[in-house]
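A quick write-up on the structure given underneath.
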Amino acid sequence: MRPDISLFVSRTIFNSDLRGVLGLVRVPCCVIQTAKDVSVPASVAEYFKSHLGGMTTVEMLDTEGHLPHLSAPSQLARVLQRALSR
């Protein structure tokens with residue numbers, strides 16, 4: 001990733017704390033997490049599950065990396081199909 005884009009993305013992420021409004025989300029959610037993500041630990045998915053206001057499931061992909069659409073597209077597609085059929 002280009003350094004200027006990386007800096008913009010990092011600033012956006014670290015200046016956006018929306019934990020206080022998670023409980024307002026009342027629609028069903030499927031949180032998808034990879035087993036080894038150096039950017040986002042699995043505890044974040046569990047935090048979402050316990051703080052979102054509606055029914056929430058966590059799907060753990062048996063892969064590593066922060067971008068499962070690039071590192072494990074077939075695994076991600078299966079999880080998305082299952083989540084969207086609920």
Side-chain angles (χ1 to χ4, degrees):
M1 185 180 296
R2 288 185 359 218
D4 59 324
I5 293 173
S6 179
L7 180 60
F8 174 79
V9 170
S10 295
R11 281 188 177 150
T12 301
I13 292 168
F14 294 117
N15 290 323
S16 301
D17 184 356
L18 299 173
R19 289 176 286 182
V21 297
L22 290 176
L24 300 175
V25 178
R26 302 279 184 213
V27 295
C29 295
C30 177
V31 178
I32 301 172
Q33 173 79 32
T34 60
K36 293 181 183 178
D37 183 336
V38 296
S39 299
V40 180
S43 60
V44 173
E46 291 303 321
Y47 181 90
F48 274 27
K49 182 177 181 181
S50 64
H51 287 84
L52 284 164
M55 186 187 91
T56 304
T57 58
V58 173
E59 295 279 353
M60 192 66 64
L61 298 180
D62 187 25
T63 189
E64 59 184 76
H66 186 64
L67 306 170
H69 60 290
L70 299 176
S71 61
S74 60
Q75 281 186 53
L76 179 60
R78 285 191 298 274
V79 168
L80 288 172
Q81 286 175 335
R82 190 168 52 245
L84 293 171
S85 68
R86 292 182 192 143

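Just so it is clear, the structure is predicted and the values come from calculations on it, not from any experiment.
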In the single-linkage hydrophobic clustering (I, L, V, M, F, W, Y; side-chain heavy atoms under 4.5 Å), do [X] and [Y] co-cluster?
X	Y	result
F48	L24	no
V31	L22	yes
L52	V27	yes

Note: with side-chain heavy atoms under 4.5 Å as the link, the other cluster members for L7 come out as none

Under 4.5 Å between side-chain heavy atoms, chaining through other members, with only Ile, Leu, Val, Met, Phe, Trp and Tyr counted: pull out the rest of the cluster around L67, sorted by chain and number. L70

Under the rule for side-chain hydrogen bond (donor to acceptor under 3.5 Å, both in side chains), what residues qualify as partners of T57, not counting sequence neighbours? R86

Among residues at least two apart in sequence or on other chains, which ones pass side-chain hydrogen bond (donor to acceptor under 3.5 Å, both in side chains) with R78? none

When you compare the side chain of C30 with that of E59, does any pair of heavy atoms fall below 4.5 Å? yes

At their closest point, which heavy atom of L76 faces which heavy atom of P68, and how far apart are they? CD2-C, 4.1 Å

Looking only at heavy atoms, which two atoms of A45 and V58 are closest? And how far apart? O-CG2, 3.7 Å

Enumerate the side chain to side chain donor-acceptor pair (under 3.5 Å) contacts for residues 2-30, please, sequence neighbours excluded, ordered by first and then second residue. R2-D4, D17-R19

Among residues two or more places apart or on two chains, list those pairs meeting side chain to side chain donor-acceptor pair (under 3.5 Å) that have a residue in residues 28-53. D37-H66

Could you list the residues that satisfy side chain to side chain contact (heavy atoms under 4.5 Å, CB included) with V38, not counting sequence neighbours? none

Could you walk me through whether I32 and L80 pass side chain to side chain contact (heavy atoms under 4.5 Å, CB included), step by step? CA-CA 9 Å; I32 301 172; L80 288 172; 3.6 Å; yes

